Amino acid sequence: MAFQAPKGTYDILPGTPFLAARDGLLEPARLAGYDYMEPPVFEDTELFARGVGASTDVVTKEMYTFSDRGGRSLTLRPEGTAGVVRAVLEHGLHHGQLPVKLRYAGPMFRAERPQKGRFRQFQQSGIEAIGLTDPALDAEVVALAWQGYQRLGLREVRLLLTSLGDPACRPAYREELTAFLTGLDLDEATHERARLNPLRVLDDKRPEVQAQLVAAPLIIDRLCADCKAHHDAVVAALDILDVPFEPAPRLVRGLDYYMRTTFEFVHDGLGAQSALGGGGRYDGLSESIGGPPLPGIGWALGIERTLLALEAEGVEVVGETGLAVFVVPLGTAAKAWAVGFVGQLRTRGVATDLAYGERGLKGAMKAADRSGARWAVVVGDRDLDADVAQLKDLTNGEQTAVPLSDLLEQLA
RNA sequence: GUGGGUGUAGCUCAGCUGGUAGAGCACCGGGUUGUGAUCCCGGUUGUCGCGGGUUCGAGCCCCGUCACUCACCCCA
């Protein structure tokens, strides 16, 4: 074979519940008033550099950046939030009712080494609630993701929740943590990471590192009064919403814009990449990309990982509705009739296909069976002479002759 | 970017100590001149990833290379 899909990409093939997962995860949000929108797949490189954070791995080494013919530097979006907020600002959506509630879905791009549950082009479904700082809104956003997973039938998703503080309390904490980390016996790369973003060292997986971190100061214990009150209110609201969560004081996210409420959905059946999705509050993002102060909170859920979780739990997701009727014509006159009949059924919204090609009746019936259709309509020239068609129920094999004049009505 | 594993039919894989390329599934046809899902019979499908080396002989051994994959890192 001459070509194959580029490294880290894959084909969404028939038979996978991709659409059911992508859209199903957003269904609770749709019912909560989150309208669909989608920003472009590429944006000005600077939008991501400033929005996501220049010190993040995503920006420093994982972006697909290119110059177009006009010499502009563009980047394939590595995440969705920056583009959504940019669109809100550009179109002034925040000048109307607040919060602006949006949902979106589509491909994201990061130039990482692929592995299980990690691709260079991957799909996310996400929502954003922009314009308000209200802990009840935080709880709604978190709950909508939780409900999305529940809706798909996942039962082993765990919600990790914490608060990362805000500009009032984080700087002092950051200093304290930096001082603590400086005293530790860490390798060069980790010290460098500590210098860039000390928070990120906290979720280092290595046991020898974790062992040194048991006494590390945690932001959740150092929250300012406002952040603490906000977090307490979020926790109380989640309780009311009956969304179970695990306090995760060491939870860190890789995008710089997160503050206060921060959360992640994890699953133990996925391999090393256990994060199904995540999100948080990003009250400073708008300003960092040149907009007015505009708080916001949202999440993005990975579709590929959701699919892996479904597989791990053995959940059968009902995919696309298949065919209802499969028509099997025998002979030229019957074929001509069938082509017209199939058209009529489709016009009435009945999913219908027919046996093309020169297969024998047996082969055509086999095709009818595999099509998943409930009904087979078998028509030969001698049926047409009698003005009937054979209507067969493929679930039980029962077949009756139905007058052609009644057939459409029976199936539609 | 750094490691490990794996590359044989459309798919999942077997292939002994180096000796003519296999199975199951799938697909096609027949058993039934007009009936599927079961059953029976038959059939199609290969650059053994690629290149080189050793050998009388390489799917198997050696070297290189590419791809895939898992993990580190990071994250969805």
Side-chain angles (χ1 to χ4, degrees), chain A residues 1-10 13 15 21-22 25 52 56-62 77-81 105-126 145 187 189-190 192-193 197 200-201 203-206 209 251-255 264-267 270-279 299-309 326 328-331 334 355 357-383 389-399 401:
Chain A
M1 197 157 51
F3 292 104
Q4 53 185 309
K7 194 183 198 64
T9 69
Y10 67 100
L13 294 172
R22 187 192 70 183
L25 286 172
V52 176
T56 60
D57 283 12
V58 168
V59 170
T60 54
K61 49 187 194 194
E62 296 173 2
R77 62 183 183 196
E79 58 98 51
T81 303
M108 306 296 162
F109 305 84
R110 292 182 202 174
E112 297 178 276
R113 191 80 171 262
Q115 69 185 75
K116 188 171 186 181
R118 190 171 78 182
F119 298 89
R120 291 183 170 184
Q121 174 176 341
F122 59 101
Q123 302 276 340
Q124 291 186 330
S125 289
D187 60 278
T190 310
E192 173 62 16
R193 193 142 42 102
N197 186 346
R200 298 228 319 258
V201 177
D203 72 344
D204 197 302
K205 281 180 191 168
R206 292 169 294 183
V209 176
L251 177 63
V252 178
R253 318 229 61 244
L255 311 181
E264 192 165 289
F265 295 93
V266 297
H267 196 283
L270 306 190
Q273 307 302 320
S274 60
L276 275 180
W299 44 248
L301 313 181
I303 305 308
E304 294 82 5
R305 292 183 189 179
T306 300
L307 260 19
L308 285 176
F326 196 93
V328 177
L330 298 164
E358 300 300 317
R359 327 179 66 182
L361 177 59
K362 179 173 179 153
M365 287 307 293
K366 203 172 232 187
D369 182 50
R370 286 173 194 166
S371 75
R374 165 84 192 271
W375 303 100
V377 174
V378 182
V379 190
D381 293 351
R382 76 185 184 209
D383 296 303
Q390 306 297 326
L391 181 59
K392 183 168 188 173
D393 185 337
L394 290 171
T395 56
N396 58 20
E398 282 174 23
Q399 180 172 312

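Side-chain atoms are counted along with the backbone in the values below, which use heavy atoms only and exclude waters and symmetry mates. Remember, it's a predicted structure, so these values are computed and weren't measured experimentally. Chain letters run A, B, ... following the sequence lines, proteins first, then strands; residues in each count from 1.
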[atom1] gap between [N] and [M], integer Å:
| N | M | atom1 | value |
| --- | --- | --- | --- |
| B/A26 | B/U32 | P | 23 Å |
| B/U17 | B/C27 | C1' | 38 Å |
| B/G15 | B/C72 | P | 30 Å |
| B/A14 | B/G24 | P | 16 Å |
| B/G10 | B/C28 | P | 16 Å |
| B/A71 | B/C62 | P | 28 Å |

Taking atom [atom2] of [N] as reference, at what distance in whole Å does atom [atom1] of [X] sit?
| X | N | atom1 | atom2 | value |
| --- | --- | --- | --- | --- |
| A/M365 | B/C28 | CE | P | 15 Å |
| A/D381 | B/U33 | CG | P | 17 Å |
| A/F326 | B/A37 | CZ | P | 14 Å |
| A/W375 | B/G36 | CH2 | P | 18 Å |
| A/L361 | B/C28 | CG | C1' | 16 Å |
| A/K362 | B/G29 | NZ | P | 10 Å |
| A/Q399 | B/G34 | CD | P | 14 Å |

Its contact letters, B for base, S for sugar-phosphate only and - for none at protein heavy atoms under 4.0 Å, make nucleotides 67-76 of chain B read SS-SBBBBBB

For A/V52 and A/T56, which heavy atoms make the closest approach, and how far apart are they?
O-CG2, 3.5 Å

Closest heavy-atom pair, A/W299 versus A/S125, reported as atoms and distance to 0.1 Å, is CZ3-O, 3.6 Å

Quick one: the side chain of A/R382 and the base of B/G34, do they pair up donor-acceptor inside 3.5 Å?
yes

Considering only heavy atoms and no angle criterion, is a donor-acceptor pair shorter than 3.5 Å present between the side chain of A/Q390 and the base of B/U35?
no

Are A/R118 and A/R110 close enough that some pair of their side-chain heavy atoms sits under 4.5 Å apart?
no

Side-chain touch A/I303/A/Q124, heavy atoms, less than 4.5 angstrom
no

Note: A/E112-A/R120 ion pair, threshold 4.0 Å (strictly below)
no

Would you call A/K392-A/E398 a salt bridge at under 4.0 Å N-O?
no

Can a donor-acceptor pair be found between the side chains of A/Q390 and A/D383 at a distance below 3.5 Å?
yes

B/A71 - base-pair partner by Watson-Crick or wobble geometry, distances under 3.5 Å
B/U2

Using only side-chain N and O atoms of A/R370, determine if any of them is under 4.0 Å from OP1 or OP2 of B/C27.
yes

